[in-house]
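So the structure is just underneath, and the comments pick up after that.
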Amino acid sequence: QVQLVESGGGLVQAGGSLRLSCAASGRTFGTSAMGWFRQAAGKEREFIATISGSGATTYYGDSVKGRFTISRDNAKNTVYLQMDSLKPDDTAVYSCAGQRGSTPFTTVAGYDYWGQGTQVTISS
C-alpha cells in the first residue's frame, strides 16, 4: 500500500511563493507517475500538474502554466510543487496523487493513491 503525505501549505500574500512536498512510501515510487490536484471550496477537483516516473515528462493545467513547477527526487521518494506568482484564485486544498503506472495522466481517474491534502490560502 502506498501512502502519500503532503506538507508545505500555508498562508501567503498574492505574488508570493510556496513549495509543496509530497512524501511517498512504497518501493515503486521511482516508476510511478505523480500528480497534484486542488479543490477550492464549492468547486470540483482541478488538475494542476503531473510528472512521469522518470521525471522527463510533465504536464500542467492551463490555470497554472508558467507559474507552477512540478519536480521529483526519486532518491527521497518525494515530489514537489513550486508555486510562484500566487493569486487569490489559487486558494484551495492541494492534494498529491500517485498511480501504479509511469504514464502521467491529467484526470482524477488516472490515479490510484491520494494524500490527505494541504491547505493553501492566498491573501490579496
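- Shown here for L81 and I48, the closest heavy-atom pair between the two residues is CD2-CG2, 4.1 Å.
- With sequence neighbours left out, the side-chain hydrogen bond (donor to acceptor under 3.5 Å, both in side chains) criterion links S123 to no other residue.
- Residues passing the side-chain hydrogen bond (donor to acceptor under 3.5 Å, both in side chains) test with N74, sequence neighbours excluded: R72.
- Among residue pairs with one or both ends in residues 64-106, those qualifying as disulfide bond (SG atoms under 2.5 Å apart) are C22-C96; sequence neighbours excluded.
- Closest non-hydrogen pair, S124 versus P88, comes out as CB-CG, 3.9 Å.
- Annotation: side chain to side chain contact (heavy atoms under 4.5 Å, CB included) contacts of Q3 (sequence neighbours excluded): S25.
- Under the 4.5 Å side-chain criterion, counting only non-hydrogen atoms from C-beta, V12 is not in contact with V120.
- Residues I70 and V79 share a closest heavy-atom pair of CG1-CG2, 3.9 Å.
- Checking side-chain atoms of S63 against main-chain N and O of G61 turns up no donor-acceptor pair under 3.5 Å.
- For S71, the side chain to side chain contact (heavy atoms under 4.5 Å, CB included) partners at least two apart in sequence or on another chain are Y80.
- Across all their heavy atoms, L4 and A24 have their closest contact at CD2-CB, 3.5 Å.
- Under the salt bridge (Lys or Arg N to Asp or Glu O under 4.0 Å) criterion, the residue pairs touching residues 40-49 are R38-E46, with sequence neighbours excluded.
- With contacts defined as side-chain heavy-atom distances shorter than 4.5 Å, the pair T69/Y60 qualifies.
- Applying the under-4.5 Å side-chain rule to Ile, Leu, Val, Met, Phe, Trp and Tyr, the cluster around F47 extends to F37, Y59, F105, V108, Y111, W114.
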Decide side chain to side chain contact (heavy atoms under 4.5 Å, CB included) for L20 and Q82; before the verdict, give the C-alpha distance in whole Å, the side-chain angles of both, and the deciding distance to 0.1 Å. CA-CA 6 Å; L20 305 183; Q82 177 67 40; over 6 Å; no

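- Here the CD1 atom belonging to I122 is positioned 10.5 Å from the CG atom belonging to D89, to the nearest 0.5 angstrom.
- Between L86 and M83 the shortest heavy-atom distance is CD2-CB, 3.8 Å.
- With sequence neighbours left out, R67 forms a side-chain hydrogen bond (donor to acceptor under 3.5 Å, both in side chains) with D90.
- With hydrogens and angles disregarded, no donor-acceptor distance shorter than 3.5 Å links the side chain of T31 to the backbone of G53.
- The side chain to side chain donor-acceptor pair (under 3.5 Å) contacts involving residues 6-21 comprise S17-D84, where partners must be two or more places apart or lie in separate chains.
- Atom CZ of F68 and atom OG1 of T58 lie 14.5 Å apart (nearest 0.5 Å).
- Remark: K87 engages no residue in a salt bridge (charged side-chain N to carboxylate O under 4.0 Å, His left out) (not counting sequence neighbours).
- A heavy-atom distance below 4.5 Å is found between the side chains of P104 and S52.
- Around atom NZ of K76, no more than 12 heavy atoms belonging to other residues, nucleotides or ligands sit under 6.0 Å away.
- Taking both residues in full, the closest heavy atoms of V93 and G117 are given as CG1-CA, 3.9 Å, listed atom of the first, atom of the second, then distance.
- Judged purely by atom type and a 3.5 angstrom limit, T118 uses its side chain to pair as donor or acceptor with the backbone of G9.
- For D112, the salt bridge (charged side-chain N to carboxylate O under 4.0 Å, His left out) test picks out R100, with sequence neighbours left out.
- Contacts of Q39 classified as side-chain hydrogen bond (donor to acceptor under 3.5 Å, both in side chains), with partners at least two apart in sequence or in another chain: none.
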